[in-house]
Each structure stands twice: as structure tokens, then as C-alpha cells.
Q: 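Please read through the structure below; I'll follow up with questions.
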Amino acid sequence: MLTVARAAQQHNNVDLLEDVADVLLAAKANWDRYAQYRPVSSWVTGLDESEQHPVAAALRRNPRAIGWLVDYVSVDLDGTAILYAAVNSANVR
């Protein structure tokens with residue numbers, strides 16, 4: 001799925017990126033495999049601003065994925081303002 005997400009990024013296909021992020025993050029949140037952490041962390045922190053919007057929308061729909069990213073993967077979202085806001089708005093509720 002990460003390969004599909006990266007292809008959607010390369011082709012500026014925002015709708016596909018959001019759909020794939022939804023499935024990818026939901027699936028990864030159900031796995032507890034360290035090998036999955038680094039590729040996803042690298043992908044998330046490397047998203048540019050336009051790519052962060054659809055991924056943020058997917059995260060807002062999946063609080064478990066947010067918990068997985070923050071607690072297990074330990075993604076530092078400080079450099080990704082849109083994702084940071086999505087995570088923090090979901091944690092406030």
C-alpha cells in the first residue's frame with residue numbers, strides 16, 4: 001500500500017492518496033511490527049503541504065491510526081503542520 005501511496009503522490013492524485021492513506025494507516029494500526037514503523041514514519045514526515053491534507057483527512061477518520069503513529073511509531077509531526085493539527089484536534093475530542 002505504501003507503494004501505491006507514493007505513486008499517488010508522484011501523480012498528484014489527491015483523491016487516491018486520501019483513499020490509500022485511509023486503508024494504509026488503518027491496516028498498519030492493527031499490526032504491531034517494528035519493520036513497518038520506519039517506512040511509514042519516513043513517508044509521513046516526507047509529505048509536502050499539499051499531500052498532508054488528504055492524509056490528515058484520513059487520520060481524522062481513524063483515531064486508532066493517530067495513536068499508532070504517535071505512540072508506537074513515534075512520528076515527529078512538528079515539521080508537518082497540517083498533520084500536527086489533525087492529530088492534535090483528534091486528541092482534544
Side-chain angles (χ1 to χ4, degrees):
M1 291 304 292
L2 194 51
T3 303
V4 176
R6 288 184 174 133
Q9 284 176 265
Q10 289 176 341
H11 294 286
N12 296 319
N13 189 332
V14 177
D15 293 331
L16 179 60
L17 180 58
E18 183 174 341
D19 291 343
V20 172
D22 219 356
V23 173
L24 171 76
L25 294 169
K28 301 287 186 192
N30 290 319
W31 297 346
D32 188 18
R33 297 183 184 161
Y34 185 78
Q36 301 297 322
Y37 295 0
R38 184 170 290 152
V40 172
S41 176
S42 175
W43 173 67
V44 168
T45 56
L47 294 168
D48 69 26
E49 187 173 323
S50 66
E51 296 163 348
Q52 289 178 44
H53 287 285
V55 176
L59 282 171
R60 283 188 201 97
R61 288 192 296 272
N62 193 338
R64 184 175 177 159
I66 290 173
W68 180 76
L69 279 175
V70 174
D71 297 336
Y72 293 100
V73 182
S74 300
V75 172
D76 181 9
L77 297 174
D78 289 342
T80 56
I82 295 161
L83 295 177
Y84 182 84
V87 167
N88 285 324
S89 68
N91 287 335
V92 170
R93 293 180 194 179

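Please read these numbers as outputs of a predicted model, since none were measured by experiment. Positions are given from 1, in the same order as the sequence printed here.
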Q: Measure the shortest side-chain to side-chain distance between Leu69 and Val40 over non-hydrogen atoms and say whether it is less than 4.5 angstrom.
A: yes

Q: Under the side chain to side chain donor-acceptor pair (under 3.5 Å) rule, collect the residues that match up with Asp15, sequence neighbours excluded.
A: none

Q: Going by side-chain contact (heavy atoms from CB on, under 4.5 Å), name the residues that satisfy it together with Ala65, two or more places apart in sequence or in a different chain.
A: Leu25, Ala29, Leu59, Asn62

Q: Could you pull out all residues at least two apart from Arg61 that satisfy salt bridge (Lys or Arg N to Asp or Glu O under 4.0 Å)?
A: Glu18, Asp22

Q: Quick check: closest heavy atoms across Arg6 and Pro39, and the distance to 0.1 Å?
A: NH2-O, 3.8 Å

Q: For residues Leu24 and Leu2, determine if any side-chain heavy atom of one lies less than 4.5 Å from a side-chain heavy atom of the other.
A: yes

Q: When the side chains of residues 46-58 are checked against the rest of the protein, which donor-acceptor pairs come out under 3.5 Å, sequence neighbours left out?
A:
unit_1: Asp48; atom_1: OD1; unit_2: Ser50; atom_2: N; d: 3.1
unit_1: Asp48; atom_1: OD1; unit_2: Ser50; atom_2: OG; d: 2.8
unit_1: Asp48; atom_1: OD1; unit_2: Glu51; atom_2: N; d: 3.0
unit_1: Glu51; atom_1: OE1; unit_2: Gln9; atom_2: NE2; d: 2.8
unit_1: Glu51; atom_1: OE1; unit_2: Asp48; atom_2: N; d: 3.0
unit_1: Glu51; atom_1: OE2; unit_2: Gln9; atom_2: NE2; d: 3.4
unit_1: Gln52; atom_1: OE1; unit_2: Ile82; atom_2: N; d: 3.1
unit_1: Gln52; atom_1: OE1; unit_2: Leu83; atom_2: N; d: 3.4
unit_1: Gln52; atom_1: NE2; unit_2: Leu47; atom_2: O; d: 3.3

